[in-house]
Structures are given as C-alpha cells and as structure tokens.
Amino acid sequence: MNAHTSVPEGVLAGVKVVELCHLIAGPYCGMLLADEGADVIKVEPPQGELTRAREPIRISEQGTMSGYFASLNRRKRSVALDLKSEAGAEILHRILADADVFITNMRGGALTRLGIHPNDLVERYPRLIVVSMSGFGLVDTGVDPNRAGLAMVAEALSGTTGLTRDREGRPTWCGFALGDVMTGMTAHSSVLLGLRERDRTGRGRLLDLSLTESTLPLATVALARVQSTDAALAKVAGANDFHGVPYGTFEASDGFYNIGVNRDDFWARLCRAMEKPELADDPRYATYVERAQRQREVEQLLEEWSLQLTRAEVVEALTRVDVPVAPVLTMSEVLDNEHFTARGTFVEVDDTIGGTLRQPNDPTGFSVSSAARVPRLGEHRDAVLSEVGIDSDRIETLIADGAFGPAPVDASV
C-alpha cells in the first residue's frame, strides 16, 4: 500500500483511493474512506464535479461553495483533469498505477468512451480493487445496463417506495436519496472486504454494485412476510404490512411524532398513557390482528388524545410508559438535538470560504481526529502529480496540452 505524508492517521492510512464519482453514492463512499484515513484523490472534470454547481451555494469574499458538494467530499484531495484529452488520460493512469482502490459511479457507456471501463482497469492493474456503482449493474442486468438509474428509480424497483405509504396505503417517495446512501455504504464495505481479500491473494477484483441490489436489503423482512402470509391474514395486514397498530407518524397540537406499537404490551402501555386503561383488554383492540382490522379507528383514538398535547408532551408521556416514540424533527432541529450533541455525532467541516458546516461524522467510529476540510477544485493537482513523478516543467507542458481543460490563450499573440 502507498504512504503519503499528507495522509492522516487512521485505520486506512496508506491506502490510496482514486475517486471518479459525482452526486451522492460514490462520493459518500469516498468520504467514509477519507474519514478513516485513506488518501482519497477526487478526480473532477475541469469545470468541477456536478454538485459544485448545485444550489444552495454559499458565497463569501473567498469564493463559493455548494452545500451539496461540501456534504459529501470532506478530507479528499482534488485534481481536475480533462479525461477526454490524451494528456489528461495519461495523468489518470499515472495516478492509478500505484493506487489500491478505484471507485466510480459513472455509467459503463461513459467509462467506455473514456477508455477506462472497469473490466479494462482490472486487467491493466491486477492489484487494483475497482468498485463500480451504477443503477442496474454492469453485467447480467436484464435491462440496458447504461439506462439512467437514480436512487428513486432503485427505490421504486426494490419495493421500498411501495413500503413507504401514507395511511391510505398510497406509495410515496421517502424524500431523500435513500438508495444512494445505501449504495455508498455497500461500496464502502466492498472496499474493505476487497482489501482484506487482496491481503490474502495479492490480487484485486472488480466489484459490480447496483443501486437496485444495494437498496433491496431494506425490504428483507417485507419480502419474507409476503412469502409467508396466507390470503386470510393478508387482509388484516394493515396499511403498514404488519409493523404494528398504531405505527407511524401522527399529529400533536404543534407538530408530528412517530410511534411504534408493534407489541400488544405496548398497546396496553399506550392505553395507560392516554388514561384509557380499559382499552387494553377491550376485545376490539387487545391484539394486533384486532387492531389491524380497525386501524383507522385506533389511529383516531390516538390522535384524539395527542392533538390535545404538544409534541414534547406526547413524547414525554409515552417515554414515561416505555412506548417507542420520537418527535419528527426538522433539519434545523436535528442540528440542535441534545441526543446528537451528547453523542458527538456531528463534525465541524471547514468549507474553505471562511465558514463551517456541521455534518454527520463517519458512523463507524473509526473517523480520524484531524480537522475536516472541503477541497477547492483542483487545489491538490501539483502535490498529487509530484507524487507520481510529474515535475513542474512537465505540468506546464500538460497545461498547454489541455490535460486540465482548455489550454490558456496567450494574450500577447
């Protein structure tokens, strides 16, 4: 493995990762690896990765920074290359020559046009672990593998959108890139397992991941339920497929809360909190099957009580009787939540334009303690190129050859 003086200490110190990614899944994987000490070199096009231009963008006298980009790229080093140019492609291969890992979430067609399809890379660099993330996979897809595949497409195909339903049973999108983060986490695990395997075999491999398969495990229990439920029982599954009744999001006088009554003893405790203990033994509601048959009625009983209370009062009352409950927080409330503060969940990240962003830290517990910073576009070019034997004179030639984008025009001509 490769050591660079700029690599922070951490369990992955000495691991060199080349990231050719955009949007969420790939960059999230790369950020976790960087948090754990790997030297993650983010290769961007001359104009910058897609999310650098996505709103909202913070502006200061020192420059601009997209919150979208900043949320997924801390602790990486940035090199901007025009991979459509021969000179830019040459530099990428120089960087890959001693890399341990290459991660990408670009489509196979685009990678083929650039001459860096994952199949070609594992042949050229036998020790390289190549992780490809795409909507449907590279091979054996059953559909066009180059088909566009956003997270919400994978969520629909995996059935997870079908599980995210309102009280009437209508599917609704979850509201965030669930499939992307799941794929990024899966890719992170794949990298670690690939490194472990290479320690034993001396060889890398191609890991062909898809958003669809990475999202599917979220539906593991639901898939088992549908295969284990007879027709009679299916009729009383409720709109939430056996999770419990009442179960989901309900309203208080000043906001919403989530409650999970997935056991009959939780129902009895809820009845005590509502000051209606007699309902616990009422044959209409005593068991899950009975409550599921009267789901709307049970939910009405709950909200008749909770709408008389504030969200905080509901949470306090249900916590007191040990029923699973939590307030439904806004993003602003999440940032100031005392639980996350006590856990040290957030990391302060330098946005490089004079400010900071609070971001969720690496949840594995293996994040390095060094300061976290977002890279400016191409700011590590000279350092990275120096490490692969490209000196300043050669860099000037590469500039003229368009390796980093259109060559500058000589104003004196």
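When reading the values below, keep in mind they use all heavy atoms of this one structure, side chains included, and skip hydrogens, waters and symmetry mates. These figures come from a predicted structure and were not determined experimentally.
T287 and E290 are not linked by any side-chain donor-acceptor pair at a separation below 3.5 angstrom, with hydrogens and angles left out of the test. Side-chain contact, T51 with E49: a donor N or O sits under 3.5 Å from an acceptor N or O.
The NE2 atom of H339 sits 5.5 Å away from the OG1 atom of T345 when rounded to the nearest 0.5 Å.
Residue-environment remark: CD (E55) exceeds the threshold of 12 foreign heavy atoms within 6.0 Å. In this structure, D144 places its CG atom where more than 12 heavy-atom neighbours from other residues, nucleotides or ligands lie under 6.0 Å away. Heavy-atom neighbours of E275 CD from other residues, nucleotides or ligands within 6.0 Å: at or below the threshold of 12. Heavy-atom contacts from other residues, nucleotides or ligands closer than 6.0 Å to CD of E86 number 12 or fewer. Within a 6.0 Å sphere centred on CZ of R376, other residues, nucleotides and ligands contribute more than 12 heavy atoms.
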task: Check the pair T330, S332 against side chain to side chain donor-acceptor pair (under 3.5 Å), reporting the backbone distance first and the verdict last.
output: CA-CA 5 Å; T330 65; S332 295; 4.8 Å; no
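Ion pairing between a basic and an acidic side chain is recognised when a charged N comes within 4.0 Å of a carboxylate O; R358 and D336 show such pairing. Remark: K76 does not engage E44 in a salt bridge, criterion side-chain N to carboxylate O under 4.0 Å.
Remark: the backbone N or O of F69 is not paired with any side-chain donor or acceptor of R54 at under 3.5 angstrom.
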